[in-house]
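Just follow the structure's listing: the first ligand is 1, and inside any ligand the first atom is 1.
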Amino acid sequence: MGTVFLNGNFLPLEQATISPLDRGFVFGDGVYEVIPVYGGRLFRLEEHLVRLDGSLEGIRLASPHTHAEWTRILRELVERNQGGDQSVYLQITRGVAKRDHAFPRDCAPTVFAMSSPLAPVPAEIRRTGVAAITLPDIRWQYCHLKTIALLPNILLRQQALDNGAAEAILIRDGEATEGAASNLFIVRNDTLLTPPKGPRLLPGITRDLILELATHHGIAQREAVITQDDLTGADEIWLSSSTREILPVTRLDGRPVGGGTPGPLWHRMIDWYQDYKRAYQKHGDTLHGPAR
Ligand code: PDD
């Protein structure tokens, strides 16, 4: 895992130590981001930093760094880990204090960042798609905040794996919200649908990009409530995240989705996504310039 960043210093992972009284460890009192890096360039960094600000504000923790400072820190972390394709993990907790539920006074937040190699999504998955199961959304009511307290997500993901599926699609009050660690899309009658942003789901950076790519390429798309029946009748189902890009779901609860193979719109979207990634490495965000 190489070099990590901890509270102002770059150091080897083996030398990075955190007090057991850190509120991240004791309470799960913190937030995080996962940012992909392609060809040494942090992908959609500004969007991730804006979401980080929202998560910090949501837990009433002042941001320890400006965007310019985060950018410097994370770029250096990427360089020190030899560039290429990486997955950067950034975590901020409320810091080290005597255990007490109330916010501590005069407590410096703990800032930790690490980077791991970002493995490409296996070609086999792209060919066959993945299985998913629906499960009740047992999480709390602030799912728009990217907090490190992920026990419900972990239990849900594991339940999916135990049932031979790659992801759980979560249902709350009869509506699909998102995956345990991904956002949800369906295709119905050539229209791309995804649940509206709000406290029930994380505002995914990949989700936003997919909607932008759809608009750019003239695909009908909108935010809409997706019921369990909508899922069952969908032509295509996709799951999106920074680490797994766009996964086609080809089996849901043991039944084939559409034709049981990755659908035609998914094939187009994954190509647009890869093109955008390549262009981003060279030129940054190209979607808002002239059409390519
Ligand atoms: N998770 N919803 C949840 C609950 C998530 O945990 C994630 C990502 C997403 C997708 O967001 P984005 O496109 O910004 O990655 C949606 C990361 C990858 C993780 O926890 O490792």
Side-chain angles (χ1 to χ4, degrees), residues 1 24 28 30-38 42-56 58 74 85-92 112-121 130 132 134-161 166-172 175-186 192 194-214 223 226 237-247 249 269-270 273-274 276-277 280 285:
M1 203 163 282
V31 298
Y32 77 106
E33 275 297 324
V34 176
I35 308 161
V37 173
Y38 300 113
L42 287 142
F43 191 61
R44 297 220 131 188
L45 176 62
E46 189 58 25
E47 286 83 347
H48 281 276
L49 294 180
V50 168
R51 183 173 66 185
L52 177 66
D53 289 341
S55 297
L56 285 166
L74 297 181
D85 291 359
Q86 302 179 20
S87 170
V88 166
Y89 176 86
L90 169 62
Q91 167 171 325
I92 301 137
F112 173 65
M114 63 180 171
S115 187
S116 351
L118 180 59
V121 179
V130 297
T134 51
L135 289 176
D137 192 342
I138 56 172
R139 301 172 304 160
W140 71 333
Q141 300 190 18
Y142 298 151
C143 295
H144 58 301
L145 306 178
K146 202 162 173 60
T147 81
I148 60 172
L150 288 175
L151 190 53
N153 307 62
I154 288 167
L155 293 174
L156 291 159
R157 169 63 69 80
Q158 190 59 43
Q159 199 173 335
L161 296 177
E167 182 62 306
I169 295 178
L170 311 180
I171 309 290
R172 190 177 291 205
E175 296 174 12
T177 55
E178 59 178 338
S182 52
N183 289 114
L184 171 71
F185 289 83
I186 68 168
L192 186 61
T194 192
K197 283 185 186 173
R200 291 179 166 203
L201 55 100
L202 189 78
I205 306 303
T206 320
R207 172 194 182 279
D208 283 351
L209 176 54
I210 290 169
L211 292 178
E212 287 174 36
L213 286 168
E223 295 185 328
I226 296 174
I237 300 177
W238 310 343
L239 295 167
S240 67
S241 74
S242 291
T243 43
R244 297 165 95 189
E245 302 186 345
I246 316 167
L247 290 184
V249 176
M269 182 58 76
I270 199 69
Y273 192 83
Q274 302 309 329
Y276 179 82
K277 268 169 56 182
Y280 194 94
D285 185 17

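- Residues Tyr276 and Phe43 bring their aromatic ring centres within 6.0 Å.
- Arg207 pairs in a salt bridge (charged side-chain N to carboxylate O under 4.0 Å, His left out) with only one of the listed residues (Glu212, Glu245, Glu223), which is Glu223.
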Solution key, residues 145-156 side-chain donor-acceptor pairs under 3.5 Å, sequence neighbours excluded:
| unit_1 | atom_1 | unit_2 | atom_2 | d |
| --- | --- | --- | --- | --- |
| Lys146 | NZ | Tyr32 | OH | 3.2 |
| Thr147 | OG1 | Ala149 | N | 3.3 |
| Asn153 | ND2 | Ala180 | O | 2.9 |

Ligand 1 polar-atom proximity to protein (N/O, under 3.5 Å):
| unit_1 | atom_1 | unit_2 | atom_2 | d |
| --- | --- | --- | --- | --- |
| ligand 1 | 1 (N) | Lys146 | NZ | 3.2 |
| ligand 1 | 2 (N) | Glu178 | OE1 | 2.6 |
| ligand 1 | 13 (O) | Ile205 | N | 3.4 |
| ligand 1 | 13 (O) | Thr206 | N | 3.0 |
| ligand 1 | 13 (O) | Thr206 | OG1 | 2.5 |
| ligand 1 | 14 (O) | Arg51 | NH1 | 2.8 |
| ligand 1 | 14 (O) | Arg51 | NH2 | 3.1 |
| ligand 1 | 14 (O) | Ile205 | N | 2.9 |
| ligand 1 | 15 (O) | Ser242 | N | 2.8 |
| ligand 1 | 15 (O) | Ser242 | OG | 2.8 |
| ligand 1 | 20 (O) | Tyr32 | OH | 2.6 |

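- When the side-chain hydrogen bond (donor to acceptor under 3.5 Å, both in side chains) test is applied to Glu33, the partners found at least two apart in sequence or on another chain are His48, Arg51.
- Residues satisfying the side-chain hydrogen bond (donor to acceptor under 3.5 Å, both in side chains) criterion with Gln158, sequence neighbours excluded, are Asp162.
- No option in Arg172, Lys197, Arg139, Arg200 other than Arg139 meets the salt bridge (charged side-chain N to carboxylate O under 4.0 Å, His left out) test with Glu178.
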